[in-house]
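Down below is the structure, laid out as structure tokens.
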Amino acid sequence: MAESNNHGELARHLTFKDVFFLSFGGMSPLLSIFTYGAFAITLAGYDAPIVMIIGTLLVLINGLSVTQLSKRFSSSGGYYTYAFQALSARIGFDTGWMYIFYSILFGLAYLVGAMFVITTILAPFGITTYYAFLIIIVPSISFLLIGIRLSSKYALYAVAIEIVFMVAIIVTSFMMTKGAAYIPDPAVYPISTGALFLGILFAMGIPTGYGSIAPVSGEITNPKKVVGKSVITVIIVGGALATMMIYAISNILLQNNLILPVADKLPVIGIIKTDFGRFSIYFYYAAAIATINDGILAVLSFGSAASRTFFRMGYDRTFPSFFAKKIGDNPIIATLVVSLIIVLLPLLVLHYISLEIAFIFLGTIAALGGLFIHVSANFSLLRIGIRRGKRLVSRANKTLWGYLFDYREFILAVTGAIISTIVLIYSAYSTVPYYTTIFLTWIVIGFILSEVKGITTKAPEELDISKEGKIVAENLLNATVMDARIPGSDIIVNINDTLKSVMEKLLSKNLPYAVVVDSNLKPIGTLYIIDILLLPREAIDNGKINQMHIEKAVSVNKDTDVTDAVRVLKENNVNILAIVDGTGKAIGTITEREILLKLGTVEKPGSFDDSGDETPAD
């Protein structure tokens with residue numbers, strides 16, 4: 001039974017099994033081996049399995065960052081939501097804009113790649129480019145429009161069959177070599193540094209299906225556990241299966257003294273066709289059928305992710321709100337827009353370039369976009385990790401390991417950001433210049449749209465202040481912070497209070513922060529409830545404020561004007577001020593919200609007197 005989301009969000013009905021198979025299908029496992037895997041083998045030779053393992057581990061670092069973020073943000077939108085919530089609305093827009101670019105083009109790259117394989121293998125049966133396009137695009141768009149729930153069921157059976165097929169190829173390869181195997185070793189099979197790094201780059205392109213998981217978080221039951229578990233499982237299982245498949249191909253080449261037929265458009269398929277004995281013909285045509293499934297699953301998986309990003313950006317009014325319209329639990333407008341792009345864009349591209357070049361073109365610029373959004377995700381976690389590290393309870397005599405453990409999210413984010421940035425720069429520098437130009441152009445367009453949106457939604461700088469407004473402002477000028485504060489709303493806590501008691505006080509008054517005072521009632525800091533909630537349960541139950549890193553305290557005298565208090569709030573970039581008496585002791589607090597409420601309740605001209613008659617302003 002679906003679990004309804006609040007506030008117009010999509011219903012939660014996807015389980016771990018649904019998410020795993022949908023995203024695993026999104027990585028197009030067999031097609032990835034035919035393309036990225038073939039490049040890795042060509043570059044690294046018999047060391048290709050090592051290259052694949054390194055590539056998987058590097059991808060896993062980014063996956064772990066997404067896992068940590070998914071524990072905090074469980075709504076739809078994925079990478080857009082992470083940046084929007086953890087960084088800023090503008091960076092959120094840029095990230096969402098780039099994710100749409102990445103997810104649609106990545107799905108289309110696999111669509112075109114599948115068409116290339118199908119037309120190559122099934123050409124004797126009269127399968128042309130546009131027949132291959134229809135074979136894949138019709139079921140893909142149908143599943144997208146029907147909804148993700150039924151689509152995940154199709155993914156389950158399709159992926160299960162494909163995994164069985166890949167395992168069959170691996171087992172058969174060892175039968176053909178009569179169990180002979182080798183140990184990949186760069187000392188035995190030398191490889192240049194350049195070929196090693198380029199091989200790793202291609203290997204990282206294989207276990208990438210997890211990129212479609214985060215945007216559908218809003219439809220996953222228990223997302224804080226399932227999303228992270230799915231991401232890690234997809235990367236590990238996908239990477240392990242790809243490593244074994246690449247090892248099997250490399251092993252059969254070595255044991256039979258063969259050379260990878262790099263002149264062949266599909267060298268791995270060429271090996272399957274000629275070097276698997278009596279099984280070759282069956283595997284050869286089965287590969288075409290499996291590739292059709294790969295194309296459908298890639299379009300379905302990344303198309304769903306793109307539509308959910310459109311939906312969430314419409315829901316947040318980052319995009320026009322009509323993108324958030326639903327029919328049932330399907331974001332129909334977002335899905336229709338994505339479907340239209342998926343149908344028209346490849347037809348436009350294929351009108352000018354061949355299938356082979358189109359795959360390289362779409363795959364390359366999509367990969368650049370994917371690296372961009374992972375840099376953004378790592379910076380989102382980096383900011384959270386710094387705050388969490390500062391606010392974790394400090395234990396007496398804490399070891400270096402203890403500090404490293406407290407800052408583990410920060411360390412993970414920095415590592416992921418460095419790796420993704422290096423690979424992004426290297427890839428952008430090494431690829432065909434106009435591929436990089438298209439990628440950068442998309443970024444610039446997003447930046448311009450973000451600026452235009454900011455300008456059009458900003459309030460005019462020159463306001464026509466009415467006579468009533470002038471009088472309200474004059475009245476406000478005569479108000480002090482003691483006039484504006486709401487009695488009973490103050491939260492002033494002692495440095496020796498327990499975290500649990502402070503959290504209960506803040507929650508009971510629905511306040512996000514409190515002023516911390518010492519034993520002499522002098523303000524010494526500001527404590528935010530979010531910093532308590534980031535702590536482990538045990539730390540909240542047993543910790544005290546004096547074990548926390550607290551923000552600075554900013555104070556104003558009880559006779560300070562409200563207008564001066566506003567200036568102090570803005571200059572110090574704080575949300576709350578401590579009000580002190582002549583001796584410096586805290587006697588209350590004032591927040592920006594209380595000042596706004598005061599603005600709304602000061603006596604206005606033209607108000608009604610006790611008799612019910614309106615008193616003229618003049």
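Throughout, numbering of the chain's residues begins at 1 and tracks the sequence.
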Nearest 0.5 angstrom please: [X] [atom1] to [Y] [atom2], how far?
| X | Y | atom1 | atom2 | value |
| --- | --- | --- | --- | --- |
| Ser420 | Phe379 | OG | CZ | 10.0 Å |
| Asp18 | Thr221 | CG | OG1 | 8.0 Å |
| Asp564 | Thr480 | CG | OG1 | 11.0 Å |
| Ile373 | Met98 | CD1 | CE | 9.0 Å |
| Ile148 | Ile220 | CD1 | CD1 | 8.0 Å |
| Ile495 | Asp518 | CD1 | CG | 8.5 Å |

Report yes or no: does [X] contribute a side-chain atom to a donor-acceptor pair with the main-chain N or O of [Y] at less than 3.5 Å?
| X | Y | result |
| --- | --- | --- |
| Ser427 | Leu424 | no |
| Thr309 | Ala305 | yes |
| Thr233 | Ser230 | no |
| Arg308 | Val216 | no |
| Arg312 | Gly218 | no |
| Asn494 | Asn496 | yes |
| Asn520 | Lys522 | no |
| Ser23 | Gly26 | no |
| Thr335 | Pro331 | yes |
| Asn330 | Ile332 | no |

Min side-chain heavy-atom separation [X]-[Y] under 4.5 Å:
| X | Y | answer |
| --- | --- | --- |
| Val517 | Ile524 | no |
| Tyr82 | Leu87 | no |
| Leu69 | Ile384 | yes |
| Phe84 | Ile91 | no |
| Phe439 | Phe372 | yes |
| Glu219 | Arg12 | no |
| Lys544 | Asp497 | no |
| Val554 | Val568 | yes |

Review point. Does one side chain, of Asn62 or Ser65, offer a donor that lies under 3.5 Å from an acceptor on the other?
Key: no

Review point. In terms of side-chain heavy atoms, does Thr583 have a donor or acceptor partner in Asp581 at a distance below 3.5 Å?
Key: yes

**Study point:** Stepwise side-chain contact (heavy atoms from CB on, under 4.5 Å) check, Ser217 with Phe73
**Key:** CA-CA 9 Å; Ser217 296; Phe73 309 108; over 6 Å; no

Check your understanding: Salt bridge between Lys71 and Glu409, side-chain N to carboxylate O under 4.0 Å?
Key -> no

Review point. Charged N to carboxylate O below 4.0 Å: is that the case for Asp94 and Arg90?
Key: no

Practice item. Please assess Tyr513 against Thr591 for the test side-chain contact (heavy atoms from CB on, under 4.5 Å), listing each intermediate value before the final yes or no. Key: CA-CA 10 Å; Tyr513 27 65; Thr591 66; 3.8 Å; yes

Minimum heavy-atom separation for [X] to [Y], with atom names?
| X | Y | value |
| --- | --- | --- |
| Thr95 | Tyr80 | CG2-N, 4.1 Å |
| Val66 | Ala214 | CG1-CB, 4.3 Å |
| Leu14 | Ser152 | CD2-OG, 4.0 Å |
| Pro215 | Tyr99 | CG-OH, 3.3 Å |
| Pro523 | Val580 | CG-CG1, 3.7 Å |
| Ser70 | Val227 | CB-CG1, 3.4 Å |

Check your understanding: Could you go step by step and tell me if Ile419 and Ile61 meet the side-chain contact (heavy atoms from CB on, under 4.5 Å) rule?
Key -> CA-CA 9 Å; Ile419 292 172; Ile61 293 173; 3.4 Å; yes

Revision key, fill the gap. From the list Phe447, Trp97, Tyr102, ring pair (Phe, Tyr, Trp, His ring centres under 6.0 Å) partner of Trp442 resolves to Trp97

**Study point:** Parallel, tilted or perpendicular: ring planes of Tyr407 versus Phe410, cut at 30 and 60 degrees
**Key:** perpendicular

Check your understanding: How are the rings of His374 and Tyr79 set relative to one another: parallel (under 30°), tilted (30 to 60°) or perpendicular (over 60°)?
Key -> perpendicular

Does a sphere of radius 6.0 Å around [atom1] in [X] hold more than 12 heavy atoms from other residues, nucleotides or ligands, not counting ones at 6.0 Å or beyond?
| X | atom1 | answer |
| --- | --- | --- |
| Tyr429 | OH | no |
| Ile327 | CD1 | no |
| Lys505 | NZ | yes |

Review point. Looking at Phe16, does the NZ or CZ of Lys229 lie under 6.0 angstrom from its six-membered ring centre and within 45 degrees of the ring axis?
Key: yes

Exercise for review: Quickly, which of Ile587, Ile579, Thr589 forms a side chain to side chain contact (heavy atoms under 4.5 Å, CB included) with Arg485? Name it, please.
Suggested key: Ile579

Check your understanding: Any chance the rings of Phe310 and Phe319 have centres within less than 6.0 Å?
Key -> yes

Practice item. Could you go through the side-chain contact (heavy atoms from CB on, under 4.5 Å) check for Thr67 and Ile232 one step at a time? Key: CA-CA 8 Å; Thr67 297; Ile232 301 305; 3.6 Å; yes

